[in-house]
Amino acid sequence: MTDPTPPAALDGNTSAEPDAVGPRDFIRDIIRDDLAAGRAQGVVTRFPPEPNGYLHIGHAKSICLNFGVAQEFGGVCNLRFDDTNPAKEEQEFIDAIMADVRWLGFDWGDNLFHASDYFEQLYQWAEHLIENGLAYVDELSADEIREYRGTLTQPGKPSPWRDRPVDESLDQFRRMRAGEFADGAKVLRAKIDMGHGNMNMRDPVLYRIVKKPHPRTGDTWSIYPTYDYAHGQSDALEQVTHSLCTLEFEDHRPLYDWLIENLPVPSRPRQYEFARLNLGYTVLSKRRLTQLVANGHVSGWDDPRMPTLTGLRRRGIPPETIRDFISRLGITKQDSQVEFSLLEHCVREHLNKSAERRMAVLRPLKVVIENFPKGEVDNLDAINNPEDPDGGGHTVPFTREIYIEQDDFMEDPPKKFFRLGPGREVRLRYAFFITCTDVIKDAAGNVVEIRATYDPETRGGDAPDGRKVKGTLHWVSAAHAVKAQVRLYDHLFQEEAPGSGGRDYLDDLNPASLEIIEDAMLEPSLAGWPVGKTLQFERLGYFCADKDGTADAPVFNRTMTLRDTWAKVKKQG
RNA sequence: UGGGGUGUGGUGUAAUUGGUAACACGACGGACUCUGACUCCGUUAUUCAAGGUUCAAGUCCUUGCACCCCAGCCA
C-alpha cells in the first residue's frame, strides 16, 4: 500500500501544452511552469470531499478546476473520500456525491480512493513519527489542550506529557489502537512548536479515539487520523502533483509540509489555494445547508431551492449550465461574492437555445370566443423551438373556450399595456387575433370571464390585411387542458448576503421562496412530459417536470423566469 | 510588532510582465419582435490611500488603511 502503481499521468507521455484557448489562471500558470521546468512529469489532481453532506455549487468550482486541469494537461483527477471521521460520515452521502460528480459531467475512471484505504499506512507513519521523537501521546483533556494552546497573541505552553519517553508513547499509541481507552481519553500529537505564531503548528492532534463504526472499515479501528494528518499523506500516496484547495487551508500548508518532510512518503505534493465560491441570495456552507435540511426549512437536500447539485438538478438546471457558470468565474485568491444574475444568465442562455416551447397558463382566466363554433376543434401548428430550425413542431388544439393568464387582461389598462382589455385586439400565439367584447364579473366585482370574437382570417397568427397587434398571449384550450401543480421558486434568502451585518442567517430566509399553484392549465402535449427535460412555458419561464408528479397529476417546477421587462415597467409606474 | 492572505467599475475577472485600463454579467437608453423572450446598437472605472522612482506605474519602492482566515480530539 505504501507504493501504489504510479498513475498513468506520470508515465511521461502527457501533453504539457493545454489548448491554446483554454482557461487561464494563476494555478494553470503554475502547472504550465512546473511542466515546462520539469518539476512535474505529469498532472495528478484530486477532488477530496468529506461524505458528511451533499455537494453544492461551491464544490462544483473545485470539481471543475480539479477535473478540468487534469483533462487540459492530459493528467488524471482522483475522486477521494476524506472519510476520517466516522462520527459524521454516512454511506448515503458517499453514493450521492458520486452521482452528483457524474451528473456534472466528470469521470474519475478507476481512480476512486478513500482516505480509509490508507489507514494502516498512516498508522505506521504515525509510529515512525513517535520513534523519531516527533510525536507523543498526550493525556490532557480536550479542554486542557485548548487552554495549553494559548491564544492568537499569546504562545502556548507544553503539555506535561510532551517529553515522555518514546517507548511510552509508542506503547500508549498501540494501546489506543487496541481500543483500551475511552473516547477522548488520549490523543497523538505532533511535537512541533507550542510558541508558533501559526496555531496549526502548536502540536496539532494527529489521532483521536473514536469508537464508532466506519462506513468502510467497520469497527476495525478505534482511532482515526485527523484530516490534517491524513490529507497530505493521502495526496503523496496517490502521487498527487498539485493539491488544490480553498483559502482557509492556507495556514495548514506549513503543517502538511512538515509532515511530508518528516515521513518517508513516495512523492511530494504541492498545495495551492484558491478562493471558494460565494453566491448571492444563498448560503454555501455545509453546516448551514445541513441545518436547513435538519430544521425543515426546505424539503430536503434536493429541494429545488437548495444550491446543492441535486437541488439544482431537480430545479431543472442542466449540468453544462453550471460548468459554463463556473468557467466564467475565474480562479483567484480574492474573496468575492458572485451575483446570482450570472447564474441566471447562463441558465437562460443555454435553455433559450435548447429548450422546447409549450404553452401553459398558471392563473387561468376563461375566454369564450363567441363567433367560434361550439364543439369545433382547430389544430394549429406550433414551433417547438424558434431558436432551433431542426427542432420540429407540434399541434395545439384551439376551441371556443380557452384560458389565458389573468395578468394578460386589464379592465382599465395603462397606455403601455399591450395585452387584452375591453375593446382591444391581441394575438393568441400560433392561433388567431381576438378582440375583447365583454367582461363578466362575480358578485365581488372580480373579472371571472372574458367574452371575445376572433378573426378567422388571422389563422396562424398573421392578418392578411397587414394590420398589427402589439401583444401576443399564450393560451390553452379549456376542453383539452391538463391540470397540473406548478411550484414557483424564488431565492431561498431575501438578502443577497444572508446573515451579514450580524443578523442570524435564518432570519433572512425568504418567506415567499416557494409558491404552489394547484390548478395550472397545460397544453395537452405536456401530459407525460419526462422528468429531467427542461422546457419553456412561453412568456413565463423555464420549467421541468418533478418526480412528485404522476401521469394523472403532473407537477412542474419553475427553473427560472424569463427576463421580464414589463414587470420592470410596471414597477416604475 | 501573533501568524497567514487579499485590495482594478454595481459584480466577477483581464491587462503583452513598466507602454497608456479589456471581457462578461448587471443597470440605464434605443432598435427589432407571432414569447414585453431572444437578437442588435449605445452609455456605464483611471486600478484602496498618500508619497516616491521613471519619458511613462494597475504593474517597481516606501508608509499607511481596509477586508478575509486561524485558538475542533471538524474538514
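Each chain gets a letter, A, B and so on, in the order its sequence line appears, and its residues count up from 1. All figures in this text were calculated on a predicted structure; none of them were measured in a lab.
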Exercise for the section: Measure from the side-chain heavy atoms of A/Glu339 and tell me the nearest of B/G72, B/U13, B/G26. Expected result: B/G26
Fill in the blank from the handout: Winner on side-chain proximity to A/Thr153, out of B/G2, B/U8, B/G36, is B/G2
Practice task
Have a look at A/Lys416 and say if it touches a base, only the backbone sugar-phosphate, or nothing, with a 4.0 Å heavy-atom cut-off.
Solution key: base
Practice task
Quick one: label A/Leu152 by what it contacts on the DNA or RNA (base, sugar-phosphate, nothing), any heavy atom closer than 4.0 Å.
Solution key: base
Practice task
Using the P atoms only, state how far B/G4 lies from B/G10, rounded to an integer number of Å.
Solution key: 32 Å
Exercise for the section: Considering only NZ, NE, NH1 and NH2 on the basic side and carboxylate oxygens on the acidic side, decide whether A/Asp564 and A/Lys568 come within less than 4.0 Å. Expected result: no
Exercise for the section: Please evaluate the base of B/G36 for a donor-acceptor partner in the side chain of A/Arg419 within a cut-off of under 3.5 Å? Expected result: yes
Problem - Stacking check A/Trp566 vs B/G36 (5.5 Å / 30 deg) - result: yes
Problem - Nearest-nucleotide pick for A/Gln334, side chain only, options being B/G4, B/G7, B/G5 - result: B/G7
Problem - OP1 or OP2 of B/A37 under 4.0 Å from side-chain N/O of A/Thr565 - result: yes
Problem - Mutual orientation of the aromatic rings belonging to A/Phe537 and A/Phe556 [parallel < 30°, tilted 30-60°, perpendicular > 60°] - result: tilted
Handout entry: No-hydrogen, no-angle side-chain donor-acceptor test under 3.5 Å, A/Tyr281 and A/Glu496
Key = no
Handout entry: Under 4.0 angstrom between A/Arg539 side-chain N/O and B/G36 OP1 or OP2
Key = yes
Practice task
Kindly point out which of B/A75, B/G36, B/G3 is positioned nearest to the side chain of A/Asn198?
Solution key: B/G3
Practice task
With heavy atoms under 4.0 Å as the rule, sort A/His231 into base, sugar-phosphate or nothing.
Solution key: nothing
Exercise for the section: Let me know, please, whether A/Leu342 or A/Pro386 comes out on the 5' side of the other along RNA chain B by nearest nucleotide. Expected result: A/Leu342
Practice task
Measure from the side-chain heavy atoms of A/Ile145 and tell me the nearest of B/C73, B/G5, B/G3.
Solution key: B/C73
Problem - Watson-Crick or G-U counterpart of B/U46, or none if no pair lies under 3.5 Å - result: none
Exercise for the section: Can you tell me the pairing partner of B/C67 across any strand shown, Watson-Crick or G-U wobble, with both distances under 3.5 angstrom? Expected result: B/G5
Problem - Quiz item: A/Arg328 side-chain donor-acceptor pair to B/U13 base, under 3.5 Å - result: no
Exercise for the section: Could you check whether A/Thr84 gets within reach of a base, just the sugar-phosphate, or nothing at all, counting any heavy atom under 4.0 Å? Expected result: sugar-phosphate
Problem - Inter-nucleotide P distance (B/G30, B/C67), Å rounded - result: 41 Å
Practice task
Remember a base hit wins even if backbone is also touched, and classify A/Arg253 as base, sugar-phosphate or nothing at under 4.0 Å, heavy atoms.
Solution key: nothing
Exercise for the section: Ignoring the backbone of A/Lys568, work out which of B/G4, B/C38, B/A27 is nearest its side chain. Expected result: B/A27
Problem - Gap in Å between the two C1' atoms, one belonging to B/A45 and one to B/A14, rounded - result: 14 Å
Exercise for the section: Can you check whether any acceptor in the base of B/U35 is under 3.5 Å from a donor in the side chain of A/Gln536, or vice versa? Expected result: yes
Handout entry: Side-chain ion pair, A/Arg467 and A/Asp455, N-O less than 4.0 Å
Key = yes
Problem - Integer angstrom distance from the P of B/G18 to that of B/C25 - result: 32 Å
Exercise for the section: May I have the distance from A/Ile192 (atom CD1) to B/C70 (atom P), rounded to whole angstrom? Expected result: 19 Å
Practice task
Indicate, with yes or no, if the rings of A/Tyr227 and A/His252 have centres closer together than 6.0 Å.
Solution key: no
Completion exercise
Using Watson-Crick geometry (N1-N3 plus N6-O4 or O6-N4) or G-U wobble (N1-O2, O6-N3), each under 3.5 Å, B/C25 is paired with B/G10
Exercise for the section: Sort out for me which residue in A/Phe432, A/Phe398, A/Tyr430, A/Tyr454 forms a ring-ring contact (aromatic ring centres under 6.0 Å, His included) with A/Trp475. Expected result: A/Phe398
Practice task
Could you measure between the two P atoms, the one in B/G64 and the one in B/G3, and give it in whole Å?
Solution key: 15 Å
Problem - Identity of whatever pairs with B/C74 - Watson-Crick or G-U, under 3.5 angstrom - result: none
Problem - Atom P, compared across B/G19 and B/U6: separation rounded to whole Å - result: 22 Å
Problem - Gap in Å between the two P atoms, one belonging to B/G52 and one to B/C41, rounded - result: 45 Å
Handout entry: Strand partner of B/U39, provided both Watson-Crick or wobble distances fall under 3.5 Å
Key = B/A31
Exercise for the section: Identify whether the distance between the nearest side-chain nitrogen and carboxylate oxygen of A/Arg164 and A/Asp138 falls below 4.0 Å. Expected result: no
Practice task
Consider the side chain of A/Arg208, meaning its heavy atoms from C-beta on, and name the nucleotide among B/C73, B/U6, B/C69 that approaches it most closely.
Solution key: B/C73
Exercise for the section: Sort out the partner of B/A57 for me: Watson-Crick or G-U wobble, both distances under 3.5 Å, none otherwise. Expected result: none
Problem - A/Glu238 bridged to A/Arg80 by N-O distance under 4.0 Å - result: yes
Exercise for the section: Say whether A/Glu273 and A/Gln271, considering side chains only, have a donor N or O and an acceptor N or O under 3.5 Å apart. Expected result: yes
Exercise for the section: Assign A/Ile383 to base, sugar-phosphate, or nothing according to its heavy-atom contacts below 4.0 angstrom with the strands shown. Expected result: nothing
Practice task
Just call it for A/Ser336: base, sugar-phosphate, or nothing, with non-hydrogen atoms closer than 4.0 Å on any strand.
Solution key: sugar-phosphate
Practice task
For A/Asp462, answer base if it contacts any base atom (sugar-phosphate contacts may also be present), sugar-phosphate if it contacts only those atoms, and nothing otherwise; contact means non-hydrogen atoms under 4.0 Å.
Solution key: base
Problem - A/Arg146 side chain near B/G72 phosphate (N/O to OP1/OP2, under 4.0 Å) - result: yes
Fill in the blank from the handout: Assigned chi class of B/U17 under the 90° convention is syn
Exercise for the section: Classify the nucleic acid contact of A/Tyr224 as base, sugar-phosphate or nothing, counting any heavy atom under 4.0 Å across all strands shown. Expected result: nothing
Problem - C1' atoms of B/U46 and B/U59, separation to the nearest Å - result: 14 Å
Fill in the blank from the handout: Quick note, A/Val187 side chain, CB onward, closest among B/C73, B/C28, B/C74 is B/C73
Problem - Residue A/Met199, side-chain heavy atoms: nucleotide from B/G36, B/G5, B/C70 that is nearest - result: B/C70
Problem - Glycosidic conformation of B/G72, taking syn as within 90° of 0 and anti otherwise - result: syn
Practice task
Give A/Tyr207 one of three labels, base, sugar-phosphate or nothing, depending on what nucleic acid heavy atoms sit under 4.0 Å from its own.
Solution key: nothing
Exercise for the section: Indicate, with a heavy-atom threshold strictly under 4.0 Å, whether A/Arg563 touches base, sugar-phosphate, or nothing. Expected result: sugar-phosphate
Exercise for the section: Could you state the atom-to-atom distance from OH of A/Tyr272 to P of B/G5 in whole Å? Expected result: 14 Å
Exercise for the section: Mind checking A/Phe432 for me? I need base, sugar-phosphate or nothing, with any heavy atom below 4.0 Å counting as a touch. Expected result: nothing
Exercise for the section: Would you classify A/Glu538 as touching base, sugar-phosphate or nothing, given that sugar-phosphate means primed atoms plus P, OP1 and OP2, and contacts are heavy atoms under 4.0 Å? Expected result: base
Practice task
Could you check how far CD of A/Glu496 sits from P of B/A27, rounded to whole Å?
Solution key: 13 Å
Practice task
Would you mind reading off the distance between A/Lys470 atom NZ and B/A31 atom C1', rounded to a whole angstrom?
Solution key: 11 Å
Problem - Residue A/Thr332, side-chain atoms from C-beta onward, closest of B/A75, B/U35, B/A14 - result: B/A14
Practice task
Ignoring backbone atoms, establish whether A/Arg149 has a side-chain N or O less than 4.0 Å from OP1 or OP2 of B/G72.
Solution key: yes
Handout entry: Contact nearer the 5' end of RNA chain B, comparing A/Ala185 with A/His345
Key = A/His345
Problem - Positive for side chain to side chain donor-acceptor pair (under 3.5 Å) with A/Asn52, one of A/Lys286, A/Glu90, A/Arg287, A/Lys88 - result: A/Lys286
